[in-house]
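The block underneath contains the structure these notes are about, expressed in structure tokens.
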Amino acid sequence: MEILISEAMGGESLDRLRESFAVACEPELWRDPVGLRERLASGVRALIVRNQTRVTRELLDAAGQLEVIGRAGVGLENIDLTAASERGIVVAWTPEQNANSVAELTVGLILALARHIPAADRDTRAGHWNRHRFTGIEILGKTLGVIGLGRIGAATAAKARALGMEIVAYDPLLDSDSLRALELRARILPLEELLAVSDVVTCHLPATSATVGLLDAARLSLLKPTAYLINTSRGTILDEAALIDLLGRRGIAGAALDVRAEEPPAPSPLSAMENVILLPHIAAFTTEGQRRVVTAVCRDVAAVLRGEPARFFANFPLPRR
Ligand code: MLT
């Protein structure tokens, strides 16, 4: 077998890949590191993953024939990029293909929190008709704090601005003169200031050594008691215990989490909190977003196996060995 897929994936692009290569799709293989190692040791040339397969240095040591890893998504925290690069293995990814899907979900969560939509739905299904209890707030004129103004953060900011929100952003790579900030009319602020002035804070950061734990108890405590917090990026960037404590004391108005430090998460007090929305890491999961993601990753994996350069790569476009 030339191409191994260790997580759930499908679509026409994958069908086309099967016409040219021997492809094994084993959606549960990510749960079995030993089995995965054995499969990779059997001469696999390409591995395609989402975010659950841990592509470690040890795993790569067993993958002597591996030329390319295709990451169907944007986060790279599950892949040891340094180890892959040292072994000359291309890491192809999809840095922009699901950005709009994530941004659209984030906007949905802003409105869902501001208008208590999930809680009102649950209450009405239970036979109640509590109109005043679910009085919300308008987002028009409110301040959205965007932590991380990359592709997803910027797409979210643009949509929120179209809905009449003011944008402030924290991004260590940008200042207020940066073109992206100017185009979005976003004020770039230090993180602490952003947390203190925002009505809604949304996180769009990758999980790196600089971002894991960034929103710790001290920083979370800067949020306004009326603020909402949204995380559709990576669960590890915030201290979940501190967030639970803050929500329990009404230190903020509510939160929406599409991502968790541990996925799937262990049972948590968050599940019982009415002002919290919990989703199973679905921000990137739209028909359109997934079609773009799978198409791009299949195209680049096929290109590398044919000796052609990948278009979207995190290290280099052709194998180096
Ligand atoms: C991404 O990183 O692209 C999204 O969070 C979805 C995923 O992890 O596959």
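Both counts, for ligands and for their atoms, begin at 1 and track the order of listing.
Here the protein heavy atom with the shortest distance to atom 2 (O) of ligand 1 is R234 NH2, 2.6 Å. If you check which protein heavy atom lies closest to atom 7 (C) of ligand 1, you get R71 NH2, 3.4 Å. The protein heavy atom nearest to atom 5 (O) of ligand 1 is H281 NE2, 2.7 Å.
At least one N or O atom of V74, backbone or side chain, sits closer than 3.5 Å to an N or O atom of ligand 1. At under 3.5 Å, not a single nitrogen or oxygen of A284, backbone or side chain, sits near a nitrogen or oxygen of ligand 1. At under 3.5 Å, a nitrogen or oxygen of N98, whether backbone or side chain, sits near a nitrogen or oxygen of ligand 1. Taking distance alone, with nitrogen or oxygen atoms compared against 3.5 Å, S233 stays at or beyond that limit from ligand 1.
Between V90 and A310 the shortest heavy-atom distance is CG1-CB, 4.3 Å. When all heavy atoms of R37 and E58 are compared, the pair lying nearest together is NH1-O, 2.7 Å.
The side chain to side chain contact (heavy atoms under 4.5 Å, CB included) search around E288 returns T286, R291, R292, not counting sequence neighbours.
Side chain of R187 to backbone of I167: no donor-acceptor contact under 3.5 angstrom is found.
Under the 4.5 Å side-chain heavy-atom criterion for grouping Ile, Leu, Val, Met, Phe, Trp and Tyr, Y228 is not connected to M273 through any hydrophobic cluster.
Between R320 and E86 there is no salt bridge, since no side-chain nitrogen of the basic residue lies less than 4.0 Å from a carboxylate oxygen of the acidic one.
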